[in-house]
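The next block holds one structure in the form of structure tokens; read it before the comments.
Each chain gets a letter, A, B and so on, in the order the sequences are listed, and its residues count up from 1. Just the heavy atoms: all of them, side chains too, but no hydrogens, waters or symmetry mates, feed the values below.
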Amino acid sequence: KTRTHVNYEVKEDVAVIRMNDPTSKVNTLSVQMQNEMIEVFNEVLANDAVQSAVLISSKPGCFIAGADINMIQACNTSEEVTKLSQEGQKMFARIEKSPKPIVAAINGPCLGGGLEFAIACQYRVATKSKKTVLGTPEVMLGLLPGAGGTQRLPKMVGIPGAFDMMLTGRNIRADKAKKMGLVHQLVDPLGPGLKSPEERTIEYLEEVAIQCAKGIVNKKISLTKEKGMMQKVQDYVMGIEFVRQQIYKTVTAKVMKMSKGLYPAPLKIIESVKAGLEQGPDSGYLAEAQNFGKLAMTSESNALIGLYHGQVACKKNRFGVPERPVKNLAILGAGLMGAGIAQVTVDKGIHTVLKDTTVEGLSRGQQQVYKGLNDKTKKKTITSFERDFTLASLTGQLDYSGFEKADMVIEAVFEDLNIKHRVIKEVEAVIPPHCIFATNTSALPIKDIAAASIRPEKVIGMHYFSPVDKMQLLEIITTDKTSKDTTASAVAVGLKQGKVIIVVGDGPGFYTTRCLAPMLAEAVRLLQEGVDPKKLDALTTGFGFPVGAATLADEVGIDVAAHVAEDLGKAFGSRFGGGNVEVLKTMVEKGFKGRKSGKGCYVYTPGLKSKDVNPDIEDVLEKYKLTPNPLVSSDSDVQYRLVSRFVNEAVMCLQEGILNGPVEGDIGAVFGLGFPPCLGGPFRFVDTFGANKLVEKMRRYEEVYGNHFTPCQLLLDHAKDSSKRFHK
Amino acid sequence: MASMLMNSLRCCPPVNPAWAVQYATRSLSTSVQLHAQVQTKSKKTLAKPGVKNIVLVEGVRTPFLLSGTTYADLMPHDLARAALQGLLHKTSLPKDAVDYIIYGTVIQEVKTSNVAREASLGAGFSDKIPSHTVTMACISSNVAMTTGVGLITAGQCDTIVAGGVEFMSDVPIRHSRKMRKTMLALNRAKTLGQRLSLIGSIRMAHLTPELPAVAEFSTAETMGHSADRLAAAFGVTRLEQDEFALRSHTLAKQAQDAGLLSDVISFKVPGRDTVAKDNGIRPSSMEQLAKLKPAFIKPHGTVTAANSSFLTDGASAVLIMSEEKALAMGYKPKAYLRDFVFVSQDPKDQLLLGPAYGTPKVLARAGLTMDDIDVFEFHEAFAGQIMANLKALDSDWFAQTYMGRKVKVGAPAMEKFNLWGGSLSLGHPFGATGCRLVTTVAHRLLKEGGQYGLVAACAAGGQVTHYTNTSSYFNVMDRKVILPVCVSGPCDGDRSIPPVEQDSGRTEMMQEKTVYAYTQSGVTPTLSDCTY
């Protein structure tokens, strides 16, 4: 029978084992891949002509991206998953003990199970390509490295290094991996030669790896590295049990602080590492396999895997290829948003024009873009030359010159319908017919803005989140007049900018702002009821939000919040009530506009990380004081009051067709608004928590506060029929 | 005669009939023994109607020495002076007969930033002769020459001295930026208090010196590293590189011993001995070469100290004139400078690949094929770089994928290639190498009786020059410059044949000339015609 995923050829006395999953762009450790690998490995071991082996991927730009998630999801019990893990452990144990040395030749991502495979090999050679990253991202899926990773990594890179890798899941570039001792040798990527650079680079990597394999066999390369002084000291220190216990304690405390105990995976990782180091490898491997099984069955892991799939789905353009690619993009308004958009665009090979009305505004924006790129230079992710070269694609200007070449204009001017109308008219007078006009607004309905346009089919909403270079989400809003090509083009630009994209229907607040507004209204009411901002933050972060409600209001801007609350309040009526908008307005009058003005709910001192509650808001809150009802004011009730309004509004967006589906709803809430990732988004939360339980709570709040808490029809439907689920 | 004429016509590719006639006529002036060779050429001459013929009258250089040896105590302009004085001596040129002097250099001595001027004054040239310094990494003196050619073509000048100098025994090492900032502020400080506080702000970190960059500014990659990657990209083995390095040293030694390196002048170094020979030529054995460890990419790289060019001190100079002027002054020019091309490409992956890009271009400009060229002189930065360029020239895939050509032009024949050694063995004073290449092509054409020569060199940044002539040619790319020189066939060497053709007021020597192309460099006219 022919093998499709793994094959090998013998070059002199080295077996070159090549992996390539023909069904996918990336290699994963699927059942098929594993089975063929074992088969090949057995043949290599049995082949007397072979002295050593090289493991390499023939897929350009990917070693092994990880284990096959579907394989884990197909399991129904933790025992099944534990068994999977043990099979993986067994296979890698054989690799590790192989009498014929195996060299892993890594080009492209080497993640998760791929990394565990590589570190089971005797030697690792990696290319310095930007695509080559090593890491254990399992924790981000609520899992742990379940094929020996928790056992081998501490030995390879030291206990602190291993914890850092496994608990953060971050990607490690090849040069860093070499320093950490994760790979032995680096190979430079090659440029044009007698073959394409990608092809020749893999070939070169293979040649070098073969040399290494031979070197190991004829003892020119030693596998036991001479330890440096630092290493010896570190080993000695780590040999002291007391020190190790302190490390476990410190790491656990840090994890608890960061995760609020809402994520089980990091704790299980610590547990597995500890078991291996303190009780020996047998216990360690067993703990790893069992913990892996347990984690795979948790709702947190389920939620995180759901988000992973959702994110992948939202990185695709379901509207097809646009008729013409955007090569020249103009941005109106060099404020925080405009400059942020410029920053994520200019380094993607798109010529970017940043236009403002004043020199001061423009220079501030240009400085923001420069700073963003310069920070990357300082972190050495780009060179100073790359920074300068990138900036050469940015033009700052005060007039409309060159707009006749623009393929797309994104306006990020002040949120005022009249100004937006003026701008759209000015712009349409100078842009070519094919040019798309995108408006960056957080709440104004796009159709109202498009009313001033002479070609509404080219008008679309692109709602970015601040800070643009950090926030992954882009919410694209289409009106019923927006053409499909316009949408395709906007999505294409967003994807180029590296965004995760949801495309939603038009309406006040679209999806994200509309979900956030009732929650913030509830937060204001809680402040009025005497809940201290710090307490409010603690309760929201305790539920899993990365940022507390009071801090979030400061970040968004109290003025923006007031603006949005008022607009949406008008559009949706009393349902959006709760806190008194006057509280926000009074704060704005006093100059407490949030972080940007230095004061909001908190006082911000530049350079200081800690912040104190703004003492002056007490007067404001005193003025609008409400008496809390003890029936619905327990800590848990406070949390559910906030969350249920958010979730209810999200479900209503799906009910009204604003949302295309629950997946985009979850992605938008998590990536744009920081909805707790461990809950997987509002829709998965309803599935997991139970719609009936949620409705029950809401009814209780409804009795006290009225229609702010009336569950929407779709939510009621789900509550009635427990077989109805948003996610299959 | 008639049959000769017919032959010439037949073998000429379809060209402008007027030219064909011209070539035919010109062939009459060709010597008989050269005739057979001329017949196989695509073209008989590279002269273009309405374009001035520009000639290389003479070229000299100081011996190229390993840096830190006999020249160690000099300054760059001292070396340049030596070359200029050598040129004066060899040509008996009156010191005020030059219209303009141009020098190329890479690492500048800050005290003599216009080293052309300091050297020409010091060499005793008239102080009325303007001079300026140019820089374009390893093709700086190529730029000096092409600038001169440009000045002659533009009708600005008739007589140009161009040259290049590099002095690696001493390079400017600066204080750190922090220290410089403090020192400059100290200059401006008015009170003792201010001064003391500034002095007090100096920390250990201020004292770290700043060495001249060895890496490409744009990519932060050193050239040796880039060369190693280039060699790997083209699958050039360590063995091939060592063999080429050995060839270079062996040929250089032979040329030196046979006295072929006649462009080298002897130089009495103040306080030291007289230097008359290059001192970097060290033919070794393959076994010796194989012992060296890779110098840049460790442990699996292939570029070693022995198959790379070494740090060198040296200077060169050439006398370039319009043909009329040269003849009027009674000179016997050595070659026509016909055409040149500068090209540039990606400074990261194709840093040293200029010759591969420039060669086909300059050939196309001159209307020649690879086979027409009798003498190739390519700058040997690294053996791996040379081999990679040869492989690129010989690859249809590369020609199609990266150069937009249908087919390859082919690699130069090794029996025509760098026969008197190259930068690997003779040394490579960055700024001075271009003139050495052009002079060598002229001398080889004369010695070997060839008609066309081609020079190519690569330079940091990814540029190249090529020159062709019945004598020489030049071309510049990204950071490498190739200077292609074509020397016309029946040159000087063949005085026995009297000039026959009617325009043979020109000397017996040259048939052909060089072609230039500017792709990257431009000339800024001081006086422009603004009439539209």
Side-chain angles (χ1 to χ4, degrees), chain A residues 54 103 105 107 123-130 174-175 178 183-216 218 220-222 225 376-378 380-392, chain B residues 213 215-222 224-238 293-294 296-303 345-354 356-357 384-385 387-403 408 411 461-462 478:
Chain A
V54 165
V103 176
N107 179 49
Y123 202 79
R124 284 160 295 286
V125 185
T127 64
K128 271 194 245 173
S129 153
K130 277 193 175 167
D175 47 354
K178 168 97 192 308
V183 302
H184 297 86
Q185 197 168 322
L186 297 179
V187 170
D188 287 278
L190 301 179
L194 298 178
K195 288 177 181 170
S196 78
E198 295 74 26
E199 203 182 331
R200 177 61 194 143
T201 299
I202 295 190
E203 221 178 70
Y204 180 49
L205 172 67
E206 186 179 306
E207 289 165 14
V208 173
I210 290 176
Q211 276 179 34
C212 291
K214 286 183 183 167
I216 296 169
N218 61 28
K220 277 195 183 147
I221 294 176
S222 157
K225 211 175 63 184
K376 282 191 190 175
T377 309
K378 283 186 189 157
K380 300 204 170 150
T381 49
I382 60 171
T383 63
S384 60
F385 172 79
E386 282 167 321
R387 174 199 66 203
D388 300 345
F389 183 78
T390 302
L391 277 174
Chain B
E216 270 308 279
F217 180 75
S218 57
T219 60
E221 187 181 26
T222 63
H225 197 276
S226 189
D228 207 322
R229 288 198 303 116
L230 183 71
F234 282 91
V236 180
T237 63
R238 167 76 183 267
K293 287 199 167 145
F296 301 98
I297 294 184
K298 294 162 189 173
H300 55 269
T302 52
V303 173
Q345 58 282 324
D346 166 24
K348 170 97 183 143
D349 289 330
Q350 307 199 9
L351 182 72
L352 304 168
L353 214 43
Y357 282 90
Q385 164 259 336
M387 299 308 291
N389 275 287
L390 298 186
K391 291 194 182 209
L393 282 168
D394 206 26
S395 159
D396 279 328
W397 187 84
F398 189 85
Q400 287 154 5
T401 315
Y402 293 103
M403 306 204 304
K408 64 185 183 188
D478 221 357

Can you tell me how far the NZ atom of K195(A) sits from the OG1 atom of T401(B), to the nearest 0.5 Å? 13.0 Å
Side chain, backbone, both or neither: which part of A220(B) has an atom under 4.5 Å from a heavy atom of chain A? neither
Chain B contacts, top residue of D388(A), L190(A), L186(A) (heavy-atom pairs, under 4.5 Å): L190(A)
Quick one: NZ on K298(B) to CD on Q185(A), what's the gap to the nearest 0.5 Å? 13.0 Å
Restricting to non-hydrogen atoms, name the atom on F217(B) and the atom on F385(A) that form the minimum distance, rounded to 0.1 Å. O-CB, 4.3 Å
How long is the gap from CZ on R229(B) to NZ on K128(A), to the nearest 0.5 Å? 9.0 Å
Heavy-atom pair with the smallest gap, counting every atom of Y402(B) and P192(A): CZ-CB, 3.2 Å
Establish, from distance only, whether the side-chain atoms of H300(B) and Q211(A) form a donor-acceptor pair under 3.5 Å. no
At their closest point, which heavy atom of G191(A) faces which heavy atom of A233(B), and how far apart are they? O-CB, 3.6 Å
Validation row: I297(B), D188(A) side chains within 4.5 angstrom (heavy atoms): yes
Separation between CZ of F398(B) and CG of L194(A), rounded to the nearest 0.5 Å: 8.5 Å
Heavy-atom pairs under 4.5 Å with chain A are the metric here; pick the option from P299(B), A392(B), G301(B) that has the most. P299(B)
